[in-house]
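Data first, discussion second: the structure below is written as structure tokens.
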Amino acid sequence: MNNWFECKVRYEKTMENGMLKKVTEPYLVDALSFTEAEARIIKEITPFISGEFTVSDIKRAKYTEIFEDPTGDRWYRCKVLFITLDEKSGAEKKTACSMLVQAPDINVALQNLIKGMQGTMADYQIAAITETPLMDVLPYAAMEEETKPVTSVGIGEERIQEILKESPVEEVQPTELQQEDGTDLQEEFSVEIDEEDSAVEEFVAIEEPELAEEEISEEIPEEEI
């Protein structure tokens, strides 16, 4: 099972106009501990950055599944609701979990998610899809074998039971997600779901604006790890 950490790297980047600007870029790293995550990101990023850089922040990131697509250069966070029935009361429960999907755009991200979930032995709903600022994802497997495309294997029953145990049951409103600070999140990309059907009924995608460097590489104060 993967143990994910989001690591932020801060360095001086040469912009298109030739000027240097301090930027902070997030990466997702598979590691056993904070110490190993720091060592891995330093090792992986060193060949690509000329000059000094610092790892300004490391925090745990909880993703139950990651679907890779070699043709994509963006990473999308997908909120998926697994639907189960309470054995005692018979009431329907929805367990929310986050999955990460690689794709060139949001339309392909939706297709890759559906493809990756095919064959899954549980009812589910797709609550939301949001583009992340992640620059890259570094699993252990990437050091040993080539990246494999998304396959239609689905998630097995054993893995689903693990996810349900790891993820708390929530009362989730698919269109009323919030950011970590508690403020409402006005998503640019979303998937609307019919509560009575686990299939995607309507897909709404706002035209994706060009991301400025400041949006991709947000500046933040340096923090000690």
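In this structure the side chain of Pro104 never reaches within 4.5 angstrom of the side chain of Arg74, judged on heavy atoms. Proximity of Ile58 to Ile41: side-chain heavy atoms (C-beta onward) are nowhere separated by under 4.5 Å. In this structure, the side chains of Gln102 and Phe67 stay at 4.5 Å or more apart for every pair of heavy atoms. Looking only at side-chain heavy atoms (C-beta outward), Thr84 and Asp123 stay at 4.5 Å or farther from each other. Here the side chains of Ile129 and Arg77 are not in contact, with every heavy-atom distance at 4.5 Å or above. Counting heavy atoms from C-beta outward, Thr46 and Phe53 have side chains that approach closer than 4.5 Å. Within the 4.5 Å cutoff, the side chain of Asp57 has no heavy atoms near those of the Glu6 side chain.
Among residues two or more places apart in sequence or in another chain, the side chain to side chain contact (heavy atoms under 4.5 Å, CB included) test is passed with Leu85 by Glu92. Partners of Ser50 according to the side chain to side chain contact (heavy atoms under 4.5 Å, CB included) rule, which considers only residues two or more places apart in sequence or in another chain, do not exist here. In this structure, the side chain to side chain contact (heavy atoms under 4.5 Å, CB included) partners of Ile66, at least two apart in sequence or on a different chain, are Trp4, Leu28, Tyr63, Glu68, Trp75, Leu100, Val137. The side chain to side chain contact (heavy atoms under 4.5 Å, CB included) search around Glu36 returns Ala31, Leu32, Ser33, Arg40, Tyr140, not counting sequence neighbours. For Asp73, there are no side chain to side chain donor-acceptor pair (under 3.5 Å) partners at least two apart in sequence or on another chain. For Tyr27, there are no ring-ring contact (aromatic ring centres under 6.0 Å, His included) partners, not counting sequence neighbours. Residues forming a side chain to side chain donor-acceptor pair (under 3.5 Å) with Thr71 (at least two apart in sequence, or on another chain): Asp69.
Checking Thr64, Thr120, Leu113 one by one against Val80, the side-chain contact (heavy atoms from CB on, under 4.5 Å) holds for a single residue, Leu113. The one candidate from Lys21, Lys22, Glu25, Glu52 that meets the side-chain hydrogen bond (donor to acceptor under 3.5 Å, both in side chains) condition with Tyr11 is Glu25.
Under a hydrophobic-cluster definition in which Ile, Leu, Val, Met, Phe, Trp and Tyr are linked whenever side-chain heavy atoms come within less than 4.5 Å, directly or via other members, Val55 and Ile49 are assigned to the same cluster. In terms of hydrophobic clustering, with Ile, Leu, Val, Met, Phe, Trp and Tyr side chains grouped at heavy-atom distances under 4.5 Å, Leu20 and Val9 are assigned to different clusters. Residues Leu110 and Val101 share a single hydrophobic cluster, defined by chaining ILVMFWY side chains whose heavy atoms lie under 4.5 Å apart. Clustering ILVMFWY residues whenever any of their side-chain heavy atoms sit less than 4.5 angstrom apart, transitively, puts Val29 in a cluster other than the one holding Phe48.
With rounding to the nearest 0.5 Å, the separation of CE in Met99 from NZ in Lys62 is 12.5 Å. Rounded to the nearest 0.5 Å, atoms SG (Cys78) and CE (Met117) are 10.0 Å apart. One distance of note links NZ of Lys93 with CG of Leu81; it measures 14.0 Å at 0.5 Å rounding. For the atom pair CD of Gln111 and CD1 of Ile106, the computed distance is 11.5 Å after rounding to the nearest 0.5 Å. Taken from SG in Cys97 to NZ in Lys79, the straight-line distance is 9.5 Å, to the nearest 0.5 Å.
Of all heavy-atom pairs between Pro133 and Pro26, the closest is O-CG, 3.4 Å. Scanning both residues, Pro47 and Lys43, for their nearest heavy atoms gives CD-O, 3.5 Å. The two residues Ala109 and Tyr76 make their nearest non-hydrogen contact at CB-CD1, 3.6 Å. Here the closest non-hydrogen pair linking Tyr124 and Ile126 is CE1-CG1, 4.1 Å.
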Yes or no on side chain to side chain contact (heavy atoms under 4.5 Å, CB included) for Phe34 and Arg60, after CA distance, side-chain angles and deciding distance?
CA-CA 8 Å; Phe34 284 88; Arg60 290 187 181 276; 3.9 Å; yes
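The closest side-chain donor-acceptor pair between Arg10 and Thr24 falls under 3.5 angstrom.
In terms of modelled atom types and a separation under 3.5 Å, the side chain of Asn2 and the main chain of Asp30 share no donor-acceptor contact.
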